[in-house]
Amino acid sequence: MSQTKSRKDQIQNLHKNKTKTKKPIIEILMRSIVKPMFGDNLATFGSNMAALFFVWSTLKRYFPRHIQHFLLSAIQRIPIFKKLSDKILNLFSPYAYIRFREIEEYRYNYAYAAVKTYLGAKVNSEVENLKGNQVKENTSLDLKRDDVKIEEEYEGVKMCWELFRCAKGKKVCRLTFHRSNWEVVTRSYLSYVVEEGKSIEARNKKVKLFMNNPSLHWKLSMKCLWSCIDFEHPATFETMAMDLEKKDAILSDLLAFRDGKEYYDKIGKAWKRGYLLYGPPGTGKSTMIAAMANLMKYNIYDLELTSIENNWELKKLLIATTSKSIIVIEDIDCSLDLTGERKDKDARGDKEGKKNAVTLSGLLNFIDGIWSACGQERILVFTTNHLGKLDEALIRRGRMDMHIELSYCTFGAFKILAKNYLNLDHHILFGKIECLLEETKITPADVAENLMVKDPQTEADGSLKGLIRALEKIKSNQIALEETKRSPRD
Ligand SMILES: Nc1ncnc2c1ncn2[C@@H]1O[C@H](COP(=O)(O)OP(=O)(O)OP(=O)(O)O)[C@@H](O)[C@H]1O
Ligand SMILES: [Mg+2]
């Protein structure tokens, strides 16, 4: 009797253990899919699935393919159905996906750019679709892959990339791979792709010029805050016409900044530097910015303050700039009223309810506020024609580390222009031009204008004589002006 009882117990225990081991899998399925979608009742789940399959087969039988596709994508847009279909697909699909969108949270996604560069660079004789690009007329043709689907093997694992635009029109790179290779992909493949892409980018880097879009467009078009084009300005420090010592000082300052990561880390300062370029119109301020960008291979962010509504927008724009860039505010005295009177006007503006404006404090906050350190290796350049108009706070050392005056043409600067424009190192007329330059104020832009000729071989003499005439005219005008100033008013 007791024997049969213990056997019964044993069988019962065995049964209990069996149900114990099975329970977690069923529980997981119930918890993850069935319960959230269909409630507790398994019968309801079954009948709902049957209904779903019935609807699907009816759809397939009576509707053409493109309508099926349209209906499916419409259904997919309903969050609950999307969640359900994703869960079912994930459950049955052996593949996993990783997406890189071009724009994330209104910001440019640099991983996307690196992936795209990496994929584009995989060119060999077997590639069918190529695209040719020539940024400058005198540079060689740049061939890139133009496939929308690219497959490759990495450590024996098949990787499949697709490039497309999502429903919202954003550009996406998507990687598909077998789930069993998750470790290889996330631990090593992705970082290999991004690093490789970045080093290709660095090798072939073309300087870009970014311009801020008006904030009205930010949400409407879901575009980035900045739009950009390739920067093709040919200016270099070699062609900059200015005092050689000054030029050398700027050059070595820039190079020391570029190689100064360790130094900035050591002194605990954000890796950024400010340059204030000032001088009359046509003395080369904008040209200097172009030369800086070409030397450093930094992108230029040309910040148009007048199209920014308030400090919040300014912050958003500045945070969206990247490392290795030059943020430029040209004619800062004209862009906004950022002068010394600003403080009073700020207060008055607030009283009048005009709180939405870019203020001096907003700008200063970015230059050396706590979040000025977002992104590294950034140069800030302000230009102005009227140094005296600017607020002391804006241009004090530490904010604008180097003040660079670009002034009227000296003989040294003229010699550089003569070399650039006429390929001349010496000329009999240089002596006369030197004397005239000492007595007159002429901008390098005006000198350059006089030296522009079609054929430097035959027209050099003529253009130098033209320059002498222009200088003499300026000189006589200056003398006349001084005389009228000296003579009594009556
Ligand atoms: N220092 C210079 N070296 C070489 N070229 C110069 C220099 N200054 C002016 N130029 C020539 O004159 C043109 C106008 O110069 P640029 O636009 O740089 O002047 P700017 O100082 O920025 O003037 P503005 O204050 O009006 O903006 C340039 O395209 C360039 O060809
Ligand atoms: Mg300019």
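Read the numbers this way: they start at 1 and go in the same order the structure lists the ligands and their atoms.
Contact analysis leaves M242 out of contact with ligand 1, as no non-hydrogen atom separation drops below 4.0 angstrom. Put simply, part of Y421 is less than 4.0 Å from ligand 1, judged by heavy atoms. Proximity of N385 to ligand 1 is established by a heavy-atom distance of less than 4.0 Å.
Remark: minimum distance from atom 21 (O) of ligand 1 to any protein heavy atom is reached at K285 NZ, 2.7 Å. Atom 28 (C) of ligand 1 has as its closest protein heavy atom T287 OG1, 3.6 Å. Looking only at heavy atoms of the protein, atom 26 (O) of ligand 1 is closest to P281 CB, 3.5 Å. Here the heavy atom of the protein found nearest to atom 5 (N) of ligand 1 is L417 CD2, 4.1 Å. For atom 11 (C) of ligand 1, the closest non-hydrogen atom on the protein side is A445 CA, 4.0 Å. Of the protein's non-hydrogen atoms, P444 CB, 4.2 Å is the one closest to atom 6 (C) of ligand 1.
Using a 4.5 Å cut-off on side-chain heavy atoms (C-beta onward), F210 and N299 make contact. Annotation: side chain of L464 is in contact with side chain of L451 (closest heavy-atom distance under 4.5 Å). With a 4.5 Å cut-off on side-chain heavy atoms, V148 and E162 do not count as touching. Side-chain contact between K158 and E152 is absent, with no heavy-atom pair separated by less than 4.5 Å. Within the 4.5 Å cutoff, the side chain of W161 has heavy atoms near those of the F100 side chain. The shortest distance between side-chain heavy atoms of K432 and E472 falls below 4.5 Å.
A salt bridge links R273 to D253: one of the charged nitrogens lies within less than 4.0 Å of a carboxylate oxygen. We find that E102 and K170 are not joined by a salt bridge, their nearest charged nitrogen and carboxylate oxygen being 4.0 Å or further apart.
W226 and Y301 have perpendicular rings, their planes meeting at more than 60° on a 0 to 90° scale where under 30° would count as parallel. A tilted orientation is assigned to the rings of Y192 and Y189, their planes being inclined by 30° to 60°.
Considering backbone and side-chain atoms together, A448 places no N or O closer than 3.5 Å to any N or O of ligand 1. Of the polar atoms of E330, none of the N or O atoms is found under 3.5 Å from an N or O of ligand 1, judged by distance alone. For a threshold of 3.5 Å applied to N or O pairs, the pair formed by G279 and ligand 1 contains no separation below that value. Here's the thing with S286: one of its N/O atoms is less than 3.5 angstrom from an N/O atom of ligand 1.
For E238 against I416, the heavy-atom pair with the smallest separation is O-CG2, 3.7 Å. For G279 against K285, the heavy-atom pair with the smallest separation is O-NZ, 2.9 Å.
The option from G282, S407, A413, A241 that lies nearest to atom 9 (C) of ligand 1, judged by heavy atoms, is G282.
A 6.0 Å sphere centred on NZ of K246 holds more than 12 heavy atoms belonging to other residues, nucleotides or ligands.
Distances under 2.8 Å from the Mg ion (ligand 2) pick out the protein N/O/S atoms S286 OG.
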